[in-house]
Structures are given as C-alpha cells and as structure tokens.
Amino acid sequence: MTDATSYATAYNAWLRDPEAWWAKEAEGISWAKKWDRIFDPSLGAFGQWFAGAELNTCYNCLDRHVEAGRGNQTALIYDSPMTGQIKHFTYADMLTQTEKMAGALAALGVGKGDRVVIYMPMVPEAAVTMLASARLGAIHSVVFGGFAAAELATRIEDAQPKVIVTASCGLEPGRVVKYKPLLDAAIAMSAHKPSNVVVLQRPQAEATMIAGRDVDFNEVVAAAAPHACVNVLATDPLYILYTSGTTGKPKGVVRDNGGHAVVLWNSMKMIYGVDAGEVWWTASDVGWVVGHSYIVYGPLLRGCTSIMYEGKPVGTPDAGAFWRVISQHKAKVLFTAPTAMRAIKQQDPDGKFARQYDLSQFEALYLAGERCDPPTGVWAHELLGKPVVDHWWQTETGWPITAGFRQFGLFPFKPGSGGRPCPGYDLHALDDDGKLLPKGTSGNLSMKLPLPPGCGPTLWNNTDGYKRSYISDFPGWYRTGDAGVIDEEGDVWVMGRTDDIINVAGHRLSTGSMEEVLASHKDVAECAVIGAKDDLKGQTPMGFVVLKAGVNRPEAEVASELVALVRERIGPVAAFKDARVVARLPKTRSGKILRASIRRIADGETAPVPPTIEDPQALEDLKTLLQH
Ligand code: COA
Ligand code: AMP
C-alpha cells in the first residue's frame with residue numbers, strides 16, 4: 001500500500017502528511033462505511049482516527065478472506081506440547097466456529113457495547129471468543145491466567161461484563177491450574193456479577209458448574225445459530241486490556257476498532273515482512289497485548305497463518321521446543337520476549353537443539369516486552385544466522401513505537417537498541433520540564449500528539465486518569481514512562497521505566513501494588529519492593545519489610561507468609577519469592593524511601609550515599625544483608 005521504498009522515505013512521507021499516509025494504509029481494510037474525517041481533533045483526549053467510519057474487525061479477520069476464496073488456507077495452528085495436540089484450523093473453520101460462538105453469546109444477551117471478560121489459557125477457543133465478541137460489536141477484556149482471583153475481581157468490577165468465558169483449567173509444567181475456582185472466587189469478591197459464565201471443559205480438570213449461571217462452551221456453541229457481523233464505528237472500543245499502572249488499581253487500556261485494524265494490517269508487512277498465506281508465530285499469551293495484536297488480530301487481518309503455542313521455551317519437552325515449532329510449521333518469523341531466549345540459552349548455550357532442526361525457511365526473530373540484553377541478542381543472532389530485531393512498545397500503544405522494518409531493509413544490528421520510530425510516532429527525549437533534549441541525551445521518551453491510529457485513545461471509564469497518566473505532564477506530548485536515548489543515527493535505546501513498573505519475564509508488574517499487599521500484612525509497619533536484576537527473567541521483585549514494634553516472630557516465618565500473600569492476591573505471575581525483614585529502610589530526611597539505592601545495592605552496584613539520606617547506616621546494613 002505504501003510507495004515508500006526505504007525507511008527514511010517512508011518516515012518522511014508520514015511526517016509530511018500523516019493523514020494522507022493513514023488514508024493510504026487504510027485501503028488494506030474493508031470498511032462498511034468510509035470515514036467522514038481521517039482524523040478528528042475534536043474527539044476524545046487528543047483526537048480520534050477514522051471518525052465516522054464503520055467496519056467490523058471480525059469481518060476483516062475472517063469473512064473477507066473466505067469471500068476472497070482463501071477459506072481453505074490455515075488460519076490458526078494450535079500446537080500444544082502440554083496436551084500433545086497439534087490442530088489446524090482453516091479460515092473457513094474459524095469463521096464457522098466464530099459465527100456460532102457469536103450466536104451463543106448473543107443468545108446469552110451480549111450485544112454491541114457489552115463487555116465479555118475472557119479468562120482462558122492458550123486454546124483456540126480463546127481466539128474464537130475474542131473474534132466472536134468483535135463480531136457482535138461487543139468489547140472483550142482478556143485476563144491473563146497467571147493472575148490471582150483478587151486481580152481478576154478488580155477487572156470484573158471495572159469492566160462489568162455481561163458474560164465471562166473461561167476454561168476449566170490451564171496447564172503449567174507439572175501443574176494443572178484450575179481456573180474455575182479462581183473465577184468463582186473472583187465473582188464472589190466482585191460487586192458486579194455476570195449473568196452467565198461459559199465454561200470450556202478441559203479433560204485435565206473438569207469444573208463444577210453453578211446451576212442457572214454456568215453453561216458449557218461446547219453445548220451453547222452447538223445449539224447456537226450463526227451470527228452475522230455487526231458494524232461498529234471505527235472509534236468504538238474493540239477491547240479493554242488491563243495493565244499495571246503506578247497504583248494497585250490496574251489501568252483499562254481501551255483499543256478502538258478502526259485504527260487498530262489499519263495499523264496491525266500494515267505492521268505485519270511493514271515491520272515483520274509477513275504477508276497473506278505466510279506462517280507467523282508469536283510465542284506469548286493471549287492475556288498480553290502482544291498476544292492480542294500478534295497472535296490473533298494482526299496475522300488474521302493480514303490473512304497469515306498464526307501459530308498458537310501452549311507450552312514453554314524450555315521443559316516442554318526441552319530447549320529445542322521453539323526450533324521444533326518453527327521447523328515443523330515453517331514459520332517465517334518468530335516474535336517472543338528476550339526472557340524466552342535467555343531460558344533457551346541457559347539450557348542450550350551451544351545451540352545443539354537448534355542444529356537438529358531445519359530452519360532454512362526461517363527469516364527473522366523479533367523480540368519485545370523488555371529490552372533485549374546485548375549478550376542474548378548477539379547469541380541468538382550468531383546461533384540463527386538471521387536478523388534479530390529488538391523492538392519497543394507497550395500495552396497502551398498496541399503496536400510497536402520503534403522497530404526494524406523488513407519492508408524497507410533492516411538497520412545495521414546494534415545490540416541493545418530498539419530500532420527507529422515507526423511512521424506514526426514523532427518520538428523525542430524530553431527533560432523533566434518537558435523541554436526537548438539534544439540527540440544522545442537520556443530523557444523521558446515521549447511522542448508528540450496525536451498518537452497514531454491503534455494507540456489506546458483512553459482508559460475505560462477513566463479519561464481523566466488517561467490524561468493524568470500520559471498527557472498532562474508534558475502538554476502536547478504523550479509520556480511513555482520509559483527513559484532512553486535517541487542517538488545521532490536515530491536509533492532508540494530504551495533504558496528503563498521512570499515509574500515503579502518492573503518487567504519480570506516480559507510481564508509488566510507494579511512494585512507499588514506488591515507494596516500494597518505487603519503493607520496489608522498485620523505485622524508489617526512499612527515496606528519497599530524493588531525489581532532486582534535476574535539472569536533469566538530480566539528482573540525479579542524483592543521485598544523489604546520493617547516489622548511493627550513489639551512483633552517478635554521468626555523472620556523466615558513472616559517472609560514466607562508475605563510470599564504466599566503476594567501469590568494469593570496478585571498471582572503466581574508476580575514471581576514474588578524473596579522477602580527480607582530489615583530493621584529500617586533507607587530514607588531521605590523528608591521520609592521518602594530510597595528505592596533506587598536499594599535496587600542498586602541488590603544489583604551489586606555501588607550505591608552512592610544520597611546527601612539527603614537520614615540514616616546512612618540503613619544503607620550499610622542493607623549492603624551487609626545483600627552481600628553478593
Ligand atoms: N496461568 C497460570 N499460571 C501461570 C501462567 C498462566 N497462564 N503463566 C505463568 N504462570 C505461573 C508459572 O507457572 C509460574 O508459577 P510458579 O511460581 O508456580 O513456578 C509463575 O506464574 C511465574 O511464571 P513465569 O514468570 O513465566 O516463570 P517460569 O519460571 O514459569 O517461566 C520463562 C520462565 C522464561 C520460561 C517464561 O516466562 C516464558 O516462557 N516466557 C516467555 C515470554 C512471554 O510469554 N512473555 C509475555 C510477554 S511478550
Ligand atoms: P507491556 O505494556 O506489558 O507491553 O510493557 C511495556 C513496557 O515494557 C514498556 O513501557 C517498556 O518499559 C518495556 N518494553 C517493552 N518492549 C521493550 C523493548 N523492546 N525494549 C525496552 N523496553 C521494552
């Protein structure tokens with residue numbers, strides 16, 4: 001769709017005339033009604049794209065490919081080493097199942113604008129349910145299976161779903177995670193109750209059903225009449241995806257239909273170099289934005305074959321699992337998190353497994369979710385002999401902010417850099433007063449408004465929160481919350497968050513929410529949680545607590561209660577396994593806990609004593625405690 005043949009030409013074409021650029025990219029989407037305005041600055045927090053246009057996202061993902069004669073092409077390959085199954089679903093199969101699931105949801109009263117919470121593992125029915133919700137013009141909200149009941153309850157309460165769709169269980173290595181009791185507990189905790197729960201029974205752990213509320217997934221689908229697509233406005237929400245914010249309350253990032261379809265359709269080719277009929281694999285989870293954009297919507301919008309993998313990079317059965325999947329299904333491109341590569345590297349540093357498989361059709365590895373540490377990037381590059389591209393984005397944007405672009409020719413490999421801004425983002429580093437910084441200077445990575453299509457236009461029922469979180473600090477700009485440098489050649493180096501968000505195995509978590517949990521323990525007077533460096537997961541949380549005066553219990557006992565409490569309230573995904581009891585926390589004279597100093601000590605770095613410190617001995621004590 002684009003005339004641009006090189007990155008610079010394309011980027012400048014966009015910069016000169018963003019509306020013309022997006023109007024052209026929008027030709028890749030089938031619209032029920034064309035837009036009144038490409039961009040309407042009067043709408044929403046900073047304007048909205050494709051105002052007045054109508055479409056259906058599910059139609060664009062499924063029906064139009066079948067209508068174009070590609071019904072027999074495989075749309076989804078379900079590859080599950082956890083169950084020993086591999087299943088292929090053609091576009092025609094996916095359409096039939098989605099039409100029926102949409103009919104089933106409609107029969108349960110779901111219509112345009114209603115919310116459907118999806119709490120499911122990596123099974124094809126999760127993708128079918130997302131698409132069925134989109135087909136009805138409803139709004140889905142997928143919750144990752146590794147969250148605890150309390151986190152699920154917060155999301156249910158905020159999204160107020162009419163129906164929740166779940167599976168009886170998820171499968172983790174060595175353990176069956178029973179989803180249904182977690183969901184029942186979450187619904188009990190939530191003030192909002194769904195009218196129905198649709199349960200996919202998996203043989204590994206059948207769920208007990210609650211009469212009058214719970215219905216069986218397969219039974220309702222079998223009984224349903226196929227449902228046609230309901231057109232929605234381009235600016236209507238397609239989904240809400242909750243992500244960690246700086247407080248314990250997660251943020252419901254809203255994604256609209258039109259801009260989302262345009263940018264995902266475009267990015268599959270422009271960034272990843274994958275087109276209709278080609279096989280693409282994103283090893284993530286449908287519970288994360290990466291799964292939404294690049295397991296389900298992006299590849300299906302483009303007409304690709306998408307692999308849905310229920311397994312791990314190692315242990316299912318070994319460190320060759322990823323290379324087996326790529327080779328067996330002939331995937332051209334793999335997108336995963338650096339932590340997955342680190343896990344493989346730890347177990348198979350010499351790449352013996354990779355050499356057992358024919359990877360000749362494999363063309364590139366894309367990494368995101370956290371910064372790829374250079375040794376891992378270099379290792380993967382040397383092992384595969386193929387481009388390794390780190391690219392940076394976040395739940396809020398829904399698609400990459402910076403990347404390497406296979407359509408334009410990749411940039412020279414610079415391990416540690418996240419590539420250059422995608423057309424659509426006018427990215428700069430700003431100082432803390434919002435002033436532009438010169439190239440090569442580290443600052444707050446921020447985009448000039450408006451954000452491009454596809455980026456979250458608001459937070460669910462919380463436009464003020466959106467403004468506060470992202471666009472009011474630096475008027476006219478969107479603040480990403482990441483710090484970094486843009487070098488002389490335009491390559492972007494993302495160095496870390498400016499808030500309390502940490503990245504554990506590519507999973508975004510808030511240390512603030514973990515502190516809230518620790519502080520709720522009856523014996524804890526005050527606490528701090530930091531993200532310490534971890535060879536496998538990038539970061540892992542570490543908690544430090546001061547006990548209330550007079551509490552005289554064994555420290556190990558309190559610590560294990562704290563670990564259990566975080567697992568119970570936030571979930572196993574928090575990977576909170578290290579709590580330490582300390583006599584005092586290092587603080588400034590004004591009482592602010594010196595978390596950055598604690599983190600440096602935990603990482604074995606030298607931590608200069610801040611001039612504002614109240615009690616330098618507290619830092620010294622921590623150094624002794626954490627001596628490496
Ligand atoms: N449902 C229930 N529990 C889950 C879960 C899910 N969908 N996903 C993870 N968990 C659990 C794990 O079983 C683990 O529990 P444990 O404490 O009992 O062992 C815990 O949450 C932490 O999981 P994780 O951080 O994934 O660690 P791990 O040690 O199980 O695996 C990796 C480490 C690197 C192999 C794994 O993180 C991985 O495959 N990462 C791939 C990258 C990825 O998917 N990133 C997402 C964003 S792109
Ligand atoms: P999430 O919203 O879960 O996708 O997490 C987004 C955050 O992860 C970003 O704000 C970054 O802090 C971090 N992140 C994601 N991808 C990268 C990357 N390629 N390089 C550096 N940080 C990244």
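Numbering of residues begins at 1 and proceeds along the displayed sequence. First listed ligand is number 1; within each ligand, the first listed atom is number 1.
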Heavy-atom nearest option to [atom], drawn from [options]:
atom: atom 3 (N) of ligand 1; options: A505, G315, G174, G146; result: G146
atom: atom 14 (N) of ligand 2; options: A483, G369, A337; result: G369
atom: atom 7 (C) of ligand 2; options: T243, L367, N503, V494; result: N503
atom: atom 27 (O) of ligand 1; options: K577, R508, K537; result: K537
atom: atom 40 (N) of ligand 1; options: I344, T339, V289, D534; result: T339
atom: atom 10 (N) of ligand 1; options: Q346, R342, E172; result: E172
atom: atom 44 (O) of ligand 1; options: S284, P338, P313; result: S284
atom: atom 19 (N) of ligand 2; options: H391, R371, R508; result: H391

Residue pair [X] / [Y], side-chain donor-acceptor N/O under 3.5 Å:
X: Y294; Y: W281; result: no
X: K251; Y: Y470; result: yes
X: N444; Y: D432; result: yes
X: W493; Y: D487; result: yes

### Message
For Y309, state whether at least one heavy atom is located under 4.0 Å from any atom of ligand 1.
### Response
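Contact check Y309 vs ligand 1: negative.
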### Task
Could you tell me whether ligand 1 has any atom less than 4.0 Å away from a heavy atom of V314?
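No.
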Select one of side chain, backbone, both or neither to describe which atoms of [X] lie under 4.0 Å from any atom of ligand 1, heavy atoms only.
X: R567; answer: side chain
X: M122; answer: neither
X: Y294; answer: neither

Report the nearest protein non-hydrogen atom to [atom]: residue, atom name, distance rounded to 0.1 Å.
atom: atom 30 (O) of ligand 1; result: K312 NZ, 4.0 Å
atom: atom 26 (O) of ligand 1; result: H507 CE1, 3.6 Å
atom: atom 2 (C) of ligand 1; result: G145 O, 3.4 Å
atom: atom 9 (C) of ligand 2; result: D482 OD2, 3.3 Å
atom: atom 18 (C) of ligand 2; result: E370 O, 3.3 Å
atom: atom 42 (C) of ligand 1; result: A337 CB, 3.5 Å
atom: atom 8 (N) of ligand 1; result: F144 CZ, 3.3 Å
atom: atom 20 (C) of ligand 1; result: P572 O, 3.3 Å

### Task
Any chance you could measure L264, atom CG, to I271, atom CD1, to the nearest 0.5 Å?
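Output value for this atom pair is 9.5 Å.
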N-O pairing of [X] and [Y] below 4.0 Å:
X: K312; Y: E172; answer: yes
X: E515; Y: R595; answer: yes
X: R508; Y: E370; answer: no
X: D373; Y: R371; answer: no
X: K533; Y: E605; answer: yes
X: R202; Y: E310; answer: yes

### Query
What part of T395 sits under 4.0 Å from ligand 2 if we count only heavy atoms: the side chain, the backbone, both or neither?
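Looking at T395 and ligand 2, atoms from backbone and side chain both fall under 4.0 Å.
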### Query
Just heavy atoms, cut-off under 4.0 Å: does W393 contact ligand 2 by side chain, backbone, both, or neither?
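Looking at W393 and ligand 2, just backbone atoms fall under 4.0 Å.
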### Query
Hey, does the Lys NZ or Arg CZ of R420 hover above the aromatic six-ring of Y11, less than 6.0 Å from the centre and inside 45° of the axis?
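R420 over Y11 ring: no.
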### Task
Decide whether a cation-pi geometry holds between R569 and F576; the criteria are a distance under 6.0 Å from NZ or CZ to the six-membered ring centre and an angle within 45° of the ring axis.
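Ring-cation test returns no.
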### Query
Does an N or O from D390, backbone or side chain, lie closer than 3.5 Å to an N or O of ligand 2?
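So ligand 2 has an N or O lying under 3.5 Å from an N or O of D390.
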#### Entry: Backbone N/O of V290 and side chain of S293: donor-acceptor pair under 3.5 Å
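Checked: no pair found.
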Pair [X] + [Y]: ring centers closer than 6.0 Å:
X: Y272; Y: H391; value: yes
X: H292; Y: Y297; value: no
X: W399; Y: H260; value: no

Contacting atoms of ligand 1, where contact means under 4.0 angstrom from a heavy atom of [X]:
X: G506; result: 47 (C)
X: V573; result: 21 (O)
X: Y179; result: 1 (N), 7 (N)
X: W288; result: 46 (C)

If we count only non-hydrogen protein atoms and require a distance under 4.0 Å, does [atom] qualify as touching the protein?
atom: atom 22 (C) of ligand 1; result: yes
atom: atom 37 (O) of ligand 1; result: yes
atom: atom 47 (C) of ligand 1; result: yes

### Option among L451, L445, D426 that satisfies the side-chain contact (heavy atoms from CB on, under 4.5 Å) test with Y478
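It is L451; the other options fail the test.
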### Query
Which atom names give the shortest non-hydrogen contact between Q347 and A319, and what distance separates them?
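The pair with the smallest heavy-atom distance is CB-CB, 3.9 Å.
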### Query
Just distances here: any N/O of R175 and N/O of ligand 1 closer than 3.5 Å?
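Yes, there is a polar N/O contact under 3.5 Å.
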### Query
If you measure from each heavy atom of T480 to ligand 2, is any distance below 4.0 Å?
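In this structure, T480 fails to qualify as a contact of ligand 2 - no heavy atom is under 4.0 Å.
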